[in-house]
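Below: the structure, in structure tokens.
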Protein chains: 2
Amino acid sequence: MSQGNIHVSVQADESECVPTECTILDVLDRISSKWSIAILLEAANGPVRFTELERSVKGISRRMLTLTLRNLERDGLLVRTVYPTIPPKVEYTETAMARDLHESLAGLTAWAERHRAAIALARSGYDRAASADKWLG
Amino acid sequence: MSQGNIHVSVQADESECVPTECTILDVLDRISSKWSIAILLEAANGPVRFTELERSVKGISRRMLTLTLRNLERDGLLVRTVYPTIPPKVEYTETAMARDLHESLAGLTAWAERHRAAIALARSGYDRAASADKWLG
DNA sequence: CGGGATCCTGCCTGATACTG
DNA sequence: CAGTATCAGGCAGGATCCCG
């Protein structure tokens, strides 16, 4: 029951970072989401279309696909090309910046492949120990 | 989340990671959070203590620090060592798996450093164009 | 086909206070 | 020092409908 403190959450939130004060972690936070990585990996094989991504990036909702694509485009990692045909055709192409990132992304995925079994194991081990502690006090 | 991914049998267990669904992206999603990365980078320089992290990882709340540390420990990336002294002392040490990841993380951070200005620029450019569209219909 | 707009839910997150 | 407990707000993200 905290009462009466009139604190108006004065977070001068500069999540929209100014060019000179954009920290590395801020940048990483933008591109390290599950969907961003998936999309970037797909786009590395050549231009991709919306519906194509909707199929290949399994589990993604239409909304998240749209939003993630927008953000990647906004950050200069993808270029959106619209062909005014009927039906419409939109292609997303990776930029040079994205190509440069792709190497690191490959490193990450390689790591994930190498250790995903170990991680799953560590998890179950941790959980088992946690349950045990619960009973043993 | 429909199936369709190739098996690659991870005999993992019944944790949140079902064998057929334990994809690389799932693993990445665990460690690619802003705080996880920051903490792992700190831990790479040697064992770190709770308050030490609270200071160095700027902007993190006590709650998030605790939660992120728990998850990293659970996934086998950090080892938590408690010294039953007064006052208590707890050290978090990276595991071999984390050390292996650190190389990739360094690659990512290097990329972020190289392109953070370009990203900020792309953003402001995109936003400017978006505002313009808004007025031009 | 490629989205935009809207509603709604639950988890993520921060702030604060308390504990061993 | 190193957390846990609790409350409250925000926004990520799914579902749905609609439009050019």
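Within every chain, numbering begins at 1; the chains are lettered A, B, ... in the order of the sequence lines, protein sequences first and strands thereafter.
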Distance, rounded to the nearest Å, where [X] contributes [atom1] and [N] contributes [atom2]:
X: Lys34(A); N: dC11(C); atom1: NZ; atom2: P; result: 14 Å
X: Asp29(B); N: dC11(C); atom1: CG; atom2: P; result: 15 Å
X: Arg55(B); N: dC1(D); atom1: CZ; atom2: C1'; result: 11 Å
X: Ile86(A); N: dC1(C); atom1: CD1; atom2: P; result: 14 Å

What residues, two or more places apart in sequence or in another chain, satisfy salt bridge (charged side-chain N to carboxylate O under 4.0 Å, His left out) together with [X]?
X: Glu113(B); value: none
X: Arg70(A); value: Glu73(A)
X: Arg62(B); value: Glu54(B)

(message) Counting only side-chain nitrogens and oxygens, does Arg80(B) get under 4.0 Å of the OP1 or OP2 atom of dA2(D)?
(response) no
(request) Please name the pair of heavy atoms, one in Glu94(A) and one in Ala44(A), separated by the smallest distance, quoted to 0.1 Å. (result)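 Between these two residues, the closest heavy atoms are OE1-CA, 3.6 Å.
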(message) I'd like to check the ring pair (Phe, Tyr, Trp, His ring centres under 6.0 Å) partners of Trp111(A); sequence neighbours left out, ordered by chain and number.
(response)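 Result, ring pair (Phe, Tyr, Trp, His ring centres under 6.0 Å) vs Trp111(A): His115(A).
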I'd like to check the side chain to side chain donor-acceptor pair (under 3.5 Å) partners of [X]; sequence neighbours left out, ordered by chain and number.
X: Arg114(A); result: Asp100(B)
X: Ser33(A); result: Ser36(A)
X: Ser104(A); result: none
X: Ser32(B); result: none

(request) Could you note down all residue pairs passing ring-ring contact (aromatic ring centres under 6.0 Å, His included) where residues 48-102 of chain A supplies at least one of them, sequence neighbours left out? (result) none
(message) Nearest heavy atom decides the nucleotide; on that basis, is Arg70(A) or Pro88(B) closer to the 5' end of DNA chain C?
(response)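 The 5'-side residue here is Arg70(A).
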(message) Within residues 56-68 of chain B, which residues have any heavy atom lying less than 4.0 Å from an atom of DNA chain D?
(response) Arg62(B), Arg63(B), Thr66(B)
(message) With each end axis built from five pairs of C1' atoms, what bend angle do you get for the helix from dC1(C)-dG20(D) to dG20(C)-dC1(D)? Round to 10°.
(response)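 For the helix from dC1(C)-dG20(D) to dG20(C)-dC1(D), the axes at either end differ by 50°.
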(message) For the backbone of Leu65(A) and the side chain of Thr68(A), can you confirm whether one donor and one acceptor N or O come within less than 3.5 Å of each other?
(response)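 No.
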(message) Using a 4.0 Å heavy-atom cut-off, does Tyr83(A) contact any base of the nucleic acid, only the sugar-phosphate backbone, or nothing at all?
(response) nothing
(request) Please list, by residue number, the residues of residues 35-53 of chain B whose heavy atoms come closer than 4.0 Å to an atom of DNA chain C; answer none if no residue qualifies. (result)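 Trp35(B) - these, ordered by number, are the residues of the stretch whose heavy atoms sit under 4.0 Å from the strand.
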